[in-house]
*Asks:* 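Following this message is one structure expressed as structure tokens.
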Amino acid sequence: MRPPRAGSPTPQVVSDELRRVVERWHQLPLDHALSRMPSVRALVQSLADRVAGLRQVPRRPVPDLGPAVVMDQLAVMVFDLFRAAPATDPAVVADELAGIRRSL
């Protein structure tokens, strides 16, 4: 396993899979992206809830800012997860991201 990129808490295997998801997302026609939004938003919210639990703060809904922003929200939540819990199993997160990518 490669180490995280310099300055990033996110393991390389997760960064690589996130990049694949984002690249695939940007190739989707708008109607297809809109149909996949619920599954992507569910993962974003799940990650946000995990981070909130780790930080012992109340869970809050992640706002729906549309398909143009959801990949940024996903990237931020992945970053925040590894910042809050560096020992998070990268294989688990990479698998979650791969599941999203395959569903696209």
*Asks:* Between CZ of Arg24 and OG of Ser103, what distance do you get to the nearest 0.5 Å?
*Replies:*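 Output value for this atom pair is 9.5 Å.
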*Asks:* Answer yes or no: is there a side-chain heavy-atom contact under 4.5 Å between Leu47 and Val78?
*Replies:*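 Yes - at least one pair of side-chain heavy atoms lies under 4.5 Å apart.
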*Asks:* To the nearest 0.5 Å, what is the distance between OG (Ser8) and CZ (Arg83)?
*Replies:*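 If we round to the nearest 0.5 Å, Ser8:OG and Arg83:CZ are 8.0 Å apart.
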*Asks:* Do the non-hydrogen side-chain atoms of Met37 and Asp64 ever get within less than 4.5 Å of each other?
*Replies:*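 Yes - at least one pair of side-chain heavy atoms lies under 4.5 Å apart.
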*Asks:* Assess the residue pair Leu81 and Val93 against the criterion (side chain to side chain contact (heavy atoms under 4.5 Å, CB included)); give the C-alpha distance rounded to whole Å, side-chain angles, the decisive distance to 0.1 Å, and a yes or no.
*Replies:* CA-CA 10 Å; Leu81 176 64; Val93 178; 3.8 Å; yes
*Asks:* What is the minimum heavy-atom distance between Arg55 and Asp80, and which atoms define it?
*Replies:*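 Closest approach of Arg55 to Asp80, heavy atoms only: NH2-O, 4.0 Å.
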*Asks:* For Asp49, enumerate each residue passing the side-chain hydrogen bond (donor to acceptor under 3.5 Å, both in side chains) test, keeping only those at least two apart in sequence or located in another chain.
*Replies:*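 Testing Asp49 for side-chain hydrogen bond (donor to acceptor under 3.5 Å, both in side chains), a comparison that skips the adjacent residues, returns Gln45.
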*Asks:* Using the rule that two of Ile, Leu, Val, Met, Phe, Trp, Tyr join whenever any of their side-chain heavy atoms come within less than 4.5 Å, decide whether Leu54 and Val44 are in one cluster.
*Replies:*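 Yes, same cluster.
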*Asks:* Any chance the side chains of Arg19 and Ser15 put a donor and an acceptor closer than 3.5 Å?
*Replies:*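 No, no side-chain donor-acceptor pair sits under 3.5 Å.
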*Asks:* Would you give the length of the straight line joining atom CZ of Phe79 to atom CG of Leu74, rounded to the nearest 0.5 angstrom?
*Replies:*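 The distance works out to 14.0 Å.
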*Asks:* To the nearest 0.5 Å, how far apart are CZ in Arg102 and CG in Leu97?
*Replies:*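 If we round to the nearest 0.5 Å, Arg102:CZ and Leu97:CG are 10.5 Å apart.
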*Asks:* For Glu17 and Val13, run side chain to side chain contact (heavy atoms under 4.5 Å, CB included): C-alpha distance rounded to whole Å, both residues' side-chain angles, the deciding distance at 0.1 Å, then the answer.
*Replies:* CA-CA 6 Å; Glu17 191 56 50; Val13 65; over 6 Å; no
*Asks:* Which value, rounded to the nearest 0.5 Å, describes the distance between Trp25 atom CH2 and Arg36 atom CZ?
*Replies:*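 Taking CH2 in Trp25 and CZ in Arg36, the distance rounds to 8.5 Å.
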*Asks:* With heavy-atom distances below 4.5 Å as the criterion, would you say the side chains of Pro9 and Pro86 are in contact?
*Replies:*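 When only atoms from C-beta onward are counted, Pro86 and Pro9 do not touch, as no gap falls below 4.5 Å.
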*Asks:* Return the CG to CG distance between Asp72 and Leu65, rounded to the nearest 0.5 Å.
*Replies:*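 One gets 9.5 Å once the value is rounded to the nearest 0.5 Å.
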*Asks:* Might you work through the salt bridge (charged side-chain N to carboxylate O under 4.0 Å, His left out) test for Arg50 and Glu96, ending with a clear yes or no?
*Replies:* CA-CA 14 Å; Arg50 285 183 241 176; Glu96 289 176 302; 2.6 Å; yes
*Asks:* Does the distance from a Lys or Arg side-chain N to an Asp or Glu carboxylate O, for Glu23 and Arg20, drop under 4.0 Å?
*Replies:*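 Salt bridge absent between Glu23 and Arg20.
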*Asks:* Which pair of heavy atoms, one from Ala33 and one from Leu28, lies closest together, and at what distance?
*Replies:*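 It is CA-CD1, 4.0 Å.
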*Asks:* Can you give me the closest heavy-atom contact between Pro90 and Phe82, atom names plus distance?
*Replies:*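 Scanning both residues, the minimum pair turns out to be CA-CZ, 4.0 Å.
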*Asks:* Does Leu34 reach the side chain of Leu30, with side-chain heavy atoms less than 4.5 Å apart?
*Replies:*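 A side-chain contact exists here, since the closest heavy-atom pair is under 4.5 Å.
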*Asks:* Taking all heavy atoms of Pro63 and all of Gln73, pick out the closest pair and write down the distance.
*Replies:*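 So the two residues come closest at O-NE2, 2.8 Å.
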*Asks:* Taking side chain as C-beta onward, heavy atoms only, is Leu104 less than 4.5 Å from Gln27?
*Replies:*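 No; the side chains remain at least 4.5 Å from each other.
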